[in-house]
Amino acid sequence: MSLRLLTAAVLAASLLTAPAAHATAEPAFRDPGLPLEQRVADLLGRLTLPEKLGMLHQSQPAIPRLGIPYHKNGTEALHGVAWSNHRDDNWNMKLASGTVFPQAVGLASTWDPALVKRVGDAVGDEARGHNALDPVLWGLQLWAPVVDPLRDPRAGRNEEGYSEDPLLSGTMATAYGKGLQGDDPFYLKTAPVLKHYLGYNNETDRSLTSSNLTPRLKREYYEQPFRQAISADAATGVMASYNLVNGRPNHVNRDLDEVVRSWTDRTLYNVSDAWGPHALTDPEKYFDDKPEAFAAVLKSGQDSFTIDGADSGPLVENLTIALERGLITEADVDRAVGHALSVRFRLGHFDPDGGPYRDIGPEVIDSAEHRRLNREAAGKAAVLLRNSGVLPLRDPGSAAVVGPLAGKLYGDWYAGSMPYQVTPLDGIKERVKDVTTAQGLERIALKHLGSGKYVTATAGNTALADTTPTAASQWDLTDWVSGVSTLRNAGNGKLLGGNWRSLDTDDDEPNGWYVQQQFALEKQADGSHLVRYAGFESVESWYGLRDPYVTVNADGTLGLAPKAQAARFAKEIVSDGVAEAAERARKADVAVVVVGSHPWVHGREFHDRDDLRLGEGQLRLVKAVRAANPRTVVVLETSYPVIVDAPTLLWTTHAGAETGHAVADVLFGDVNPAGRLTQTWYATDDLPSILDYDLAKTGMTYLYHRSGELYPFGHGLSYTTFGYQGLRVRGDEVSVKVTNTGDVAGEEVVQLYTRQRASRFDQPVKRLRGFERIALAPGESRTVTFRLARADLAVWDHTRERWAVESATHDVLVGSSSDRIRQRATLRVKGETIPPRDLSRTTRAMNFDDYSGVAFADENKVAGDVVAGSSGDWISFTDAVYGGALTAGVASVAGGSIEVRRGSPAGALLATVTVPATGGVYAWGTATASLKAGKGDLYLVFQGDVRLRDVAFKFVD
């Protein structure tokens, strides 16, 4: 019998075996008094090979003979317990009903790690509460927090992360993770997993796109928040991301093992993302078959495969084949299973009494305490972007509360179900006696110009009917962002949606993985409109219809077709909700316009946004209400920055059930706003490609952006004022006195930045080094002290592949935002001077100083990054000393050459390296050339098809 058949047979037998009679003594793995390593080794030694292979799956089968219950990884808990998939029906996503806290980017906007830790603690409690209700459905390994830096606000998952700054992201992840884990030195309340390693910030073609990470940005920016949280023991593992980095899929990135595990002495339990291992053979075609791919996943340092729902059979089969082929060994399996078991031991799974967190029950879910915390967090997260003096509101006799988000709250893809809702309208009604409201939407009819009939909701689908609009042929248009809208039928209250090639109206809200209730009305030169279908599935290769538009079928029903077959419609205004809202605002003492985004529409996991524009309909509403009543407050509720401005503007994320209370608390001054932006809000849509991850080149984030912000990183206003005095830099400490110079109590977020004036390397405009949120009574002062160690100023020296502190002068900047620096000082650091590059030593091509046009690629399918260039692309090595005997590690499919030039890409030609075809991109050889030794700047200019691994310019006698 083959090893594969034997493994399958033993696995089946183990799952059917009844528990054996109890021995006289409990096995060692049941003894909490023994060291973890001994308990893991004991249990590992009792498992059969098939049982061990089963433990490498997300859904770990029960082992009755050892009394080991079923266990599932991956309860989503980004800002509250969200959802999980059931073992018996993996496509059945079970939403949790409980406390939904502000979205992660909102939690970070508090700049309050202590508060975020309390939120994490509450979420951990509720996860335990759900686990007590159903331990099969609600596992205790939580896939949160997300620490991908938010380097581009167009990314569809923007709301899942914390900040564009690595320090702020890492600090918030550490706080949230510590809260999730609990305070026991050994046992875990829950086991948080950081998402998503590494360089993952676009959803378009996410399994096919490769993030270009230079060695410096990889270490100084993209790795930092992961390293910070792991080093602080605030997480029990990381999840691999879907994308590639420098040509290699992250699901086989050896850094998961060799780098990430080096950041802590704790045992980490790393996991794949859903379906990620399958992507290696399916869309990516990186490996020829699944046994090879799965072996590479295991060898890369991942210990859990999130594939095939709850069925571990395919994983067991493919890893068994990999064992037969010698691609992995049983020692590789044991190592990964040991990682899995170590976390389960710390969760108390194998303790007779279940561990110290066993008594947390369902009574904690949506508790009164958690509701109060939710309101506090939402209030502290709100950011006052502008204030014309209207806020805080002072006992208005009447208020008009209008807009599409005035009377409705929405959760996102990673939110649970809110047991109740307090909308902004509700919150204001509790404080103002006379409140009127309106959604401020256009009610329209779409008249088909070819037939004169109207788009009408029918019993089974959507068709042309009626020559005069009825309720069934009228639609409330909500223009969310970037021109993408939803259309709600006035007759049945349902949304217009796509249904393969037809249209229907049977959904209450945008929903599903492929949100199909999205359309864009595109006005043509003749005044007519085309209706583009914007359902998320339309980008899938299997959909078979790129750029679909609404058309009219022969039977009068509506369907989808290419643009050339699009029907033309007249957009008729049945009633103007904008005018109605403006009229109500005109009659009120104060107007509050609540506009923003829908978390499921035009941007979410798997779908990026085209731009940062708020919908034209919402902008028109804001303009009309402001014109009607100068005492207008705009409340902007979005998951990401948008381009919108108003004299009085308050921003909040989608902040959960207490959003309305929190908004009202800020509007009426019970909470003095102190939230601060964690991202740059750009003033233009003219941004670099979302697929370009080189911040130093693109000028993205406050670190490298030099002008044109709508609202800068760290920005946020208060109802009071603060003075800064006496900045001091002494040793490893920076201190400053902050005084509340206003008439009301308030909180200030004191922010410390540094700027290195001169460096061997390109440096950011400024870099956040510390922050503290403090509360001050009127007239009260407090000295805020930051630790700024010399080692904190280290940069990655790619010329020597190590961290270095340069001798340099640093500006020390303290203020209330990145652009509002209130006190300055200088700090002279005695470090080292980076020596000239010695290119006589073998130098990795990726350690260039500058580049143009080249791609970053994989040296092989295991490790190593290289430069891939074609005609005219180049890399440079500056301030270099070089010899005359050049040897280059090269690979090429068709052959090419590398020109060595002095001073610039078009400078004097020193040598030409002929690169023959080597047999493939992974077939490495050497190429040589001679030149005159010298010093200065060298440029290597590619011609043809060349991959360059390394160079050495050796001196010859």
Exercise. To the nearest 0.5 Å, how far apart are CE in M55 and OG in S312?
Worked result: 11.0 Å
Problem set entry | CD1-CG distance between I328 and L319, expressed to the nearest 0.5 angstrom | 4.5 Å
Problem set entry | Separation between CG of N270 and CZ of R261, rounded to the nearest 0.5 Å | 4.5 Å
Problem set entry | Pairs satisfying ring-ring contact (aromatic ring centres under 6.0 Å, His included), at least one member in residues 172-192, at least two apart | none
Problem set entry | Y70 six-ring face occupied by R87 cation (under 6.0 Å, within 45°) | yes
Exercise. Between R325 and D289, is there a side-chain N and carboxylate O pair less than 4.0 Å apart?
Worked result: yes
For this session: Indicate yes or no for a side-chain donor-acceptor contact from S231 to the backbone of Q228 under 3.5 Å, with no hydrogens or angles considered.
Result: no
Exercise. Atom CG in N158, atom CG in N201: separation rounded to 0.5 Å?
Worked result: 7.5 Å
For this session: Indicate, with yes or no, if the rings of W275 and F305 have centres closer together than 6.0 Å.
Result: no
Exercise. Judged by atom type as modelled, is there a donor-acceptor pair below 3.5 Å linking the side chain of H251 to the main-chain atoms of D273?
Worked result: yes
Exercise. Taking only residues two or more places apart in sequence or in another chain, which ones pass ring-ring contact (aromatic ring centres under 6.0 Å, His included) with Y162?
Worked result: none
Exercise. Counting heavy atoms not belonging to D353, are there more than 12 under 6.0 Å from its CG?
Worked result: yes
For this session: Check step by step if side chain to side chain contact (heavy atoms under 4.5 Å, CB included) holds for L298 and V333.
Result: CA-CA 8 Å; L298 189 68; V333 174; 4.3 Å; yes
Problem set entry | Pair R128 + D125, salt bridge at N-O below 4.0 Å | no
Exercise. Any sub-3.5 Å donor-acceptor pair from Q103's side-chain atoms to H654's backbone N or O?
Worked result: yes
Exercise. Does CD belonging to E369 count more than 12 external heavy atoms closer than 6.0 Å?
Worked result: no
Problem set entry | From L208 atom CG to E284 atom CD, the distance as rounded to the nearest 0.5 Å | 6.5 Å
For this session: Can you label the angle between the W542 ring and the Y514 ring as parallel, tilted or perpendicular, going by 30° and 60°?
Result: perpendicular
Exercise. Can you find a heavy atom in the side chain of H598 that is under 4.5 Å from one in the side chain of E509?
Worked result: yes
Exercise. Can any side-chain N or O of R39 pair as donor or acceptor with the backbone N or O of D31 at less than 3.5 Å?
Worked result: yes
Exercise. Does the side chain of L43 come within less than 4.5 Å of R344's, by heavy atoms?
Worked result: no
Exercise. Under the 3.5 angstrom rule, does the side chain of W143 hit a backbone N or O of N73 as a donor-acceptor pair?
Worked result: no
Exercise. Taking the side chain from T190 and the backbone from L180, do they hold a donor-acceptor pair closer than 3.5 Å?
Worked result: yes
For this session: May I ask you to decide if the ring planes of H130 and W138 are parallel, tilted or perpendicular, using 30° and 60° as cut-offs?
Result: tilted
Exercise. Any side-chain heavy atom of E51 sitting closer than 4.5 Å to one from R65?
Worked result: yes
Exercise. Okay, side chain of D311, backbone of G309: is any donor-acceptor separation there less than 3.5 Å?
Worked result: no
For this session: Indicate whether the side chain of H57 and that of D308 have a donor and an acceptor atom separated by less than 3.5 Å.
Result: no
For this session: Using the test salt bridge (charged side-chain N to carboxylate O under 4.0 Å, His left out), find all partners of D148 that sit at least two apart in sequence or belong to another chain.
Result: none
For this session: Give me the ring orientation class for Y242 and Y200: parallel if the planes are under 30° apart, tilted from 30 to 60°, perpendicular past 60°.
Result: perpendicular
Exercise. Ring centroid separation for Y197 and F226, is it under 6.0 angstrom?
Worked result: yes
Exercise. Salt bridge or not for D412 and R157, using N-O below 4.0 Å?
Worked result: no
Exercise. Taking the side chain from T267 and the backbone from H339, do they hold a donor-acceptor pair closer than 3.5 Å?
Worked result: no
Exercise. So is K195 actually on top of Y414's ring, under 6.0 Å and inside 45° of the axis?
Worked result: yes
Exercise. Taking atom types as modelled and ignoring hydrogens, do the side chains of Q421 and Y410 form a donor-acceptor contact shorter than 3.5 angstrom?
Worked result: no
Exercise. Is the closest side-chain donor-acceptor distance between E126 and H370 under 3.5 Å?
Worked result: yes
Exercise. So, E658 side chain and A377 main chain: donor-acceptor pair closer than 3.5 Å or not?
Worked result: no
Problem set entry | D42 and R46 ion-paired at < 4.0 Å | yes
Problem set entry | Sub-4.5 Å side-chain heavy-atom contact between L373 and L115 | yes
For this session: Determine yes or no for a side-chain-to-main-chain donor-acceptor pair under 3.5 angstrom, with E203 supplying the side chain and R604 the backbone.
Result: no
Exercise. Are any of the side-chain nitrogens in R30 or D351 under 4.0 Å away from the carboxylate oxygens of its partner?
Worked result: no
Seminar exercise, completed: So NZ of K52 and CG of L47: to nearest 0.5 Å the spacing works out to 7.0 Å
